[in-house]
Colleague: 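Below are the structure tokens for one structure; questions will follow.
No experiment lies behind these values; they were computed from the predicted model shown. Just so you know, these numbers use all the heavy atoms, side chains as well, and skip hydrogens, waters and symmetry mates. Convention: sequence-line order gives letters A, B, ...; per-chain numbering from 1.
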Number of protein chains: 2
Amino acid sequence: MNDQLEKKSKPRRKNEEAILSAAAAVFAELGFAGATTNLIAQRAGIPKANLHYYFPTKEALYRTVTNQIFSVWLEAAETFDDCDDPTDALSRYIRAKMMISRKYPLGSKVWAQEIMHGAPQIQDFLDHTVKNWTASRIKIIERWIAQKKINPIDPTYLLYMIWATTQHYADFAHQINTMNDGHNLSDQQFEDAINTVIDIILHGIGLGESGEA
Amino acid sequence: MNDQLEKKSKPRRKNEEAILSAAAAVFAELGFAGATTNLIAQRAGIPKANLHYYFPTKEALYRTVTNQIFSVWLEAAETFDDCDDPTDALSRYIRAKMMISRKYPLGSKVWAQEIMHGAPQIQDFLDHTVKNWTASRIKIIERWIAQKKINPIDPTYLLYMIWATTQHYADFAHQINTMNDGHNLSDQQFEDAINTVIDIILHGIGLGESGEA
DNA sequence: GTCTATAGAATGATAGAC
DNA sequence: GTCTATCATTCTATAGAC
């Protein structure tokens with residue numbers, strides 16, 4: 001029993017990982033309702049009944065996927081330091097969010113669809129963790145404004161702008177690829193995108209240097 | 001026959017409108033797969049079989065909804081004039097996109113989900129209309145850069161930033177409301193958001209005046 | 001044009017042999 | 001732990017009475 005709780009058996013660990021990986025992809029592509037346990041099991045390379053052995057319901061599986069998304073969100077949140085230099089804090093945060101869009105686009109898509117569906121599963125996380133974090137960062141930005149370090153813009157809409165722009169590279173990757181002649185952005189193109197976003201936002205709030213370039 | 005083609009009967013027109021309105025809402029909330037013809041019919045106030053009389057398949061209904069979205073997209077696209085003043089052209093376009101997010105949030109959500117699902121229905125529109133429009137606007141922005149009217153940023157990523165930021169107010173309205181203590185943004189708040197977005201982007205590319213304020 | 005009833009297919013989930 | 005077989009439900013779509 002101790003054994004099963006602390007270090008799961010090898011096949012269990014392997015199967016759970018395969019299922020979660022397949023589930024993230026299918027939920028991102030088709031949404032919760034569109035995803036079928038049959039398809040997830042196929043992509044994970046196991047029979048459907050086996051999936052239900054590890055995750056009793058589709059909803060339980062979906063919950064596990066959204067929980068993984070929280071940890072990624074928190075990872076990015078921590079890069080927005082409470083430091084006195086807005087150029088540093090913002091360019092680090094924007095870069096971190098952009099890299100997450102590139103590395104974990106599935107999580108971003110699941111998040112986006114969850115919000116569009118009214119956040120049936122993650123409302124609690126929005127109400128507490130996200131809201132508190134946002135309030136604390138708004139205070140930091142307001143302090144920068146009071147210290148005349150940046151222009152007097154509304155911090156809330158600045159944050160929304162950063163979220164929207166960075167997550168766009170995950171959620172709308174298909175559209176971006178279409179505009180790019182059907183190819184994924186190369187590493188160089190993605191680096192250009194990061195620097196353009198940092199440049200426009202920093203200049204946009206009155207910070208002359210982008211920290212890059 | 002001429003009658004039926006040119007001026008549809010009154011109940012037909014009324015029912016089709018009710019169905020399309022309900023369908024846009026349900027597709028936006030639940031995605032194509034999650035939407036059921038039963039639910040759409042209920043919201044339209046008619047029996048399910050009647051819905052299938054007007055729209056033979058769920059996909060035909062969905063296609064009609066996405067076609068309506070195209071006309072809204074084109075409406076906004078036209079506000080981005082080929083004029084010599086970047087401040088005018090961009091602030092008009094951003095404001096138009098923001099107003100569309102407020103007025104037609106359902107269309108924006110359907111579009112977003114369609115992209116996340118790989119654009120099974122609108123790929124053709126992306127490949128031609130959207131791509132050509134984007135290419136022509138990139139040329140205009142490049143001309144502004146050559147004329148030293150704006151900073152030398154990459155036009156593509158500027159456009160993505162505008163799309164992402166403005167559509168965020170439709171697609172992520174639920175998250176924005178949660179941050180706003182569960183209330184929709186008031187007209188005044190939304191006006192502040194528009195002006196903040198215009199202000200940051202215009203300053204971000206080296207235009208001192210926002211055309212507002 | 002409208003609606004009841006239902007066919008036919010797909011899905012989430014489980015029982016029970018191995 | 002794994003997998004075959006299957007149940008119960010739900011969904012799209014249609015037939016046919018009115």
Colleague: Distance check: side-chain N/O of B:His52 vs OP1/OP2 of D:dT14, anything under 4.0 Å?
Modeller: no
Colleague: Identify whether the distance between the nearest side-chain nitrogen and carboxylate oxygen of B:Arg102 and B:Asp187 falls below 4.0 Å.
Modeller: yes
Colleague: Looking at A:Tyr157 versus A:Trp163, is the centre-to-centre ring distance below 6.0 Å?
Modeller: no
Colleague: Between A:Asp82 and A:Arg143, does a salt bridge (Lys or Arg N to Asp or Glu O under 4.0 Å) hold up when you go through it step by step?
Modeller: CA-CA 10 Å; A:Asp82 180 6; A:Arg143 203 183 60 214; 3.2 Å; yes
Colleague: Assess the residue pair A:Trp111 and B:Gln175 against the criterion (side-chain hydrogen bond (donor to acceptor under 3.5 Å, both in side chains)); give the C-alpha distance rounded to whole Å, side-chain angles, the decisive distance to 0.1 Å, and a yes or no.
Modeller: CA-CA 11 Å; A:Trp111 178 291; B:Gln175 181 172 297; 3.0 Å; yes
Colleague: Give a yes or no on whether the ring-centroid distance for B:Phe125 and B:Trp73 is below 6.0 angstrom.
Modeller: yes
Colleague: My understanding is that only residues two or more places apart in sequence, or in another chain, count here; which of them pass side-chain hydrogen bond (donor to acceptor under 3.5 Å, both in side chains) with B:Asn38?
Modeller: none
Colleague: Expressed in angstrom and rounded to an integer, what is the separation of A:Phe55 atom CZ from C:dT14 atom P?
Modeller: 15 Å
Colleague: Could you write out each protein N or O paired with an N or O of nucleotides 2-5 of chain D at a distance under 3.5 Å?
Modeller:
{"residue": "D:dT2", "atom": "OP1", "partner": "A:Asn15", "partner atom": "ND2", "Å": "3.3"}
{"residue": "D:dT2", "atom": "OP2", "partner": "A:Tyr54", "partner atom": "OH", "Å": "2.4"}
{"residue": "D:dC3", "atom": "OP2", "partner": "A:Asn50", "partner atom": "ND2", "Å": "3.2"}

Colleague: Regarding B:Gln123 and A:His174, is there a side-chain donor-to-acceptor distance under 3.5 Å anywhere?
Modeller: yes
Colleague: Quick check on contacts: within residues 27-44 of chain B, what sits under 4.0 Å from DNA chain C by heavy-atom distance?
Modeller: none
Colleague: Considering non-hydrogen atoms only, spot the tightest contact between A:Arg43 and A:Ala25 and give its length.
Modeller: NH1-CB, 4.0 Å
